[in-house]
K.L.:
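One structure is given below, represented as structure tokens, and several questions about it will come after.
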Amino acid sequence: MEQFRIEAANDGKGVFFDVKPLGDQRYELYDQGAYVGTLSLDQDDHSSCKAEHCKLDLPLLDSIRQVIQVHEQWTPKPAH
């Protein structure tokens, strides 16, 4: 899957991130081209995620997690 752009809520304001899927529910996050961390979604607990090398606070990470999950749910998967 190719990189995509999301808008996540941060203190009532929209913040944009570029998201690069790595596979296995792992995503690299970029803010204006600068790497800000990697997010791993928990496939068994959709309200849970793990952050690696992340420079973002937990409420913003939760917002990003929710937006990525909606994006993945509504994006058609390529046919094999």
K.L.:
Measure the NZ-OH distance between K55 and Y35 for me, rounded to the nearest 0.5 Å.
P.N.:
8.5 Å
K.L.:
State, to 0.1 Å, how close A9 and S63 come at their nearest heavy-atom pair, and which atoms those are.
P.N.:
N-OG, 2.9 Å
K.L.:
Is there a path of hydrophobic side-chain contacts, each under 4.5 Å between heavy atoms of I/L/V/M/F/W/Y residues, joining I68 to W74?
P.N.:
no
K.L.:
Could you check if a side-chain atom of Y27 sits within less than 4.5 angstrom of a side-chain atom of S40, using non-hydrogen atoms only?
P.N.:
no
K.L.:
Which is it for Q32 and Y30 under the side chain to side chain donor-acceptor pair (under 3.5 Å) test, yes or no, and what are the steps along the way?
P.N.:
CA-CA 6 Å; Q32 297 180 1; Y30 295 86; over 6 Å; no
K.L.:
Report yes if some heavy atom in the side chain of L22 is under 4.5 Å from a heavy atom in the side chain of E28; otherwise report no.
P.N.:
yes
K.L.:
Less than 4.5 Å apart, any side-chain heavy atom of V36 and any of C54?
P.N.:
no
K.L.:
Please tell me if the side chains of T38 and R26 come closer than 4.5 Å, counting only heavy atoms from C-beta onward.
P.N.:
yes
K.L.:
Might you point out which heavy atoms bring L56 and I64 nearest each other, and give the distance in Å?
P.N.:
CD1-CD1, 3.7 Å
K.L.:
With a sphere of 6.0 Å drawn around CG of D57, does it hold more than 12 non-hydrogen atoms of other residues, nucleotides or ligands?
P.N.:
yes
K.L.:
As an exercise, state the distance from CD1 of I6 to CZ of F16, rounded to the nearest 0.5 Å.
P.N.:
10.0 Å
K.L.:
Atom CD of residue position E52 - does it have more than 12 heavy atoms of other residues, nucleotides or ligands inside 6.0 Å?
P.N.:
yes
K.L.:
Could you tell me if the side chain of R65 sits less than 4.5 Å from the side chain of L41, heavy atoms only?
P.N.:
yes
K.L.:
Verify side-chain contact (heavy atoms from CB on, under 4.5 Å) between L60 and F17, making sure each step is shown before the conclusion.
P.N.:
CA-CA 11 Å; L60 181 53; F17 293 93; 3.9 Å; yes
